[in-house]
Amino acid sequence: MRTLIFTVVMLMAISVQASKDKGMYIGGSFALIDVGAKGLFENDVTFKAGEILIGYKHNQYLGMEIRGGRSLQGEVISIEDSGQELSVEASIDRYISYYYRAELANDIAKVYLLLGQSTIQTSLDFEDDLRADNESSESGMSYGIGFGLWLDERMNLNFEFKTLLDTDSDAFTSGTVSADFRF
């Protein structure tokens with residue numbers, strides 16, 4: 001949390017009056033995160049997640065962002081363990097992503113690419129009392145593509161598809177609707 005606060009303060013200190021081409025912005029989003037199973041989540045699960053983002057646009061083509069989020073509720077999944085079918089409540093406790101953002105924009109819309117790194121922490125809550133709850137954290141490359149519409153000179157509505165994380169065991173992909181405000 002201290003790192004996030006420090007980053008926000010530093011970005012605000014170097015910001016100038018924002019425009020479409022340069023400056024700070026902050027926003028929020030709603031995401032549907034699909035966990036394609038290579039490992040534990042073998043029956044695919046989709047989480048509803050909330051996310052906040054803070055960014056700085058260096059020039060009309062390049063910016064950087066920090067995003068953090070979590071699932072809004074747990075999802076019940078079934079897994080098989082030693083021949084038994086178990087019900088487990090799974091959740092994304094938190095994730096944080098750091099992105100470079102390459103963007104092309106005109107007066108109506110923009111298209112952008114995201115390239116960066118994500119860390120995701122998940123947890124499993126077993127419904128029987130015989131097994132200990134399980135938490136895991138994974139990190140790796142993250143990338144995506146987005147399309148945005150200018151609502152006014154400082155407000156955007158964005159639609160994205162991104163791979164939050166693709167590891168040997170799981171693939172976290174996301175469809176996102178977000179809004180951001182430039183100041």
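Below, each value reflects all heavy atoms present in this structure, side chains not excepted, and no hydrogens, waters or symmetry copies. One is the number of the first residue; the rest follow in order along the sequence.
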For a side chain to side chain contact (heavy atoms under 4.5 Å, CB included) check, start with the C-alpha distance between Phe172 and Thr122, then their side-chain angles and the critical distance, and finish with the verdict. CA-CA 11 Å; Phe172 294 80; Thr122 58; 4.0 Å; yes
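- Cluster membership check: Tyr99 does not share its hydrophobic cluster with Leu115, using side-chain heavy-atom separations under 4.5 Å among Ile, Leu, Val, Met, Phe, Trp and Tyr.
- More than 12 heavy atoms of other residues, nucleotides or ligands shown are found within 6.0 angstrom of CZ on Phe30.
- Distance alone, capped at 3.5 Å, places no donor-acceptor pair between the Trp150 side chain and the Ala105 backbone.
- Between the side chain of Asn156 and the backbone N or O of Asn158, no donor-acceptor pair lies under 3.5 Å.
- Distance OG1/Thr46 to CG/Asp34: 4.0 Å, rounded to 0.5 Å.
- Linking Ile, Leu, Val, Met, Phe, Trp and Tyr residues whenever their side-chain heavy atoms come within less than 4.5 Å places Met155 and Leu149 in a single cluster.
- For Glu51 and Tyr95, the side-chain atoms include at least one donor-acceptor pair closer than 3.5 Å.
- Nearest approach of Asn59 to Tyr61, heavy atoms of both residues: OD1-N, 2.8 Å.
- In summary, the side chains of Lys162 and Thr173 do not present any donor paired with an acceptor at a separation below 3.5 Å, with no hydrogens or angles considered.
- Residue Ser97 is tested with Ser174, Ser142, Ser118 for a side-chain hydrogen bond (donor to acceptor under 3.5 Å, both in side chains); the sole match is Ser118.
- Across every non-hydrogen atom of Phe47 and Ala90, the tightest pair is CE2-O, 3.2 Å.
- Shortest non-hydrogen contact noted between Ser139 and Gln117 is CB-NE2, 3.6 Å.
- Here OG1 of Thr176 is found 7.0 Å from CG of Leu164. Values are rounded to the nearest 0.5 Å.
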Test Ile26 against Asp180 for side chain to side chain contact (heavy atoms under 4.5 Å, CB included), laying out the working first. CA-CA 5 Å; Ile26 190 166; Asp180 63 66; over 6 Å; no
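- Two different hydrophobic clusters hold Ile145 and Met141 under the rule that ILVMFWY side chains link at heavy-atom gaps under 4.5 Å.
- Asp93 and Ser91 share a side-chain donor-acceptor pair at under 3.5 Å.
- When all heavy atoms are compared, the tightest approach of Ile33 to Ala49 is CD1-CB, 3.7 Å.
- When all heavy atoms are compared, the tightest approach of Thr119 to Ser137 is CG2-OG, 3.7 Å.
- Between the side chains of Tyr112 and Glu160, a donor-acceptor pair is found at a separation under 3.5 Å.
- In this structure, the side chains of Lys57 and Arg182 come closer than 4.5 Å at one or more pairs of heavy atoms.
- Proximity of Gln73 to Lys48: side-chain heavy atoms (C-beta onward) are separated by under 4.5 Å at one or more points.
- For the 3.5 Å distance criterion, the side chains of Tyr56 and Glu65 fail to qualify, holding no donor opposite an acceptor.
- Between Leu114 and Arg101, some side-chain heavy-atom pair lies under the 4.5 Å cut-off.
- For the residue pair Gln121/Glu135, the side-chain donor-acceptor check at 3.5 Å is satisfied.
- Under the 4.5 Å side-chain contact rule for hydrophobic residues, Leu53 and Met24 do not share a cluster.
- A 6.0 Å sphere centred on OH of Tyr100 holds no more than 12 heavy atoms belonging to other residues, nucleotides or ligands.
- Criterion: ILVMFWY side-chain heavy atoms under 4.5 Å apart, direct or through other members. Under it, Phe183 and Ile54 are part of a common hydrophobic cluster.
- With rounding to the nearest 0.5 Å, the separation of CG in Leu157 from OG in Ser29 is 11.0 Å.
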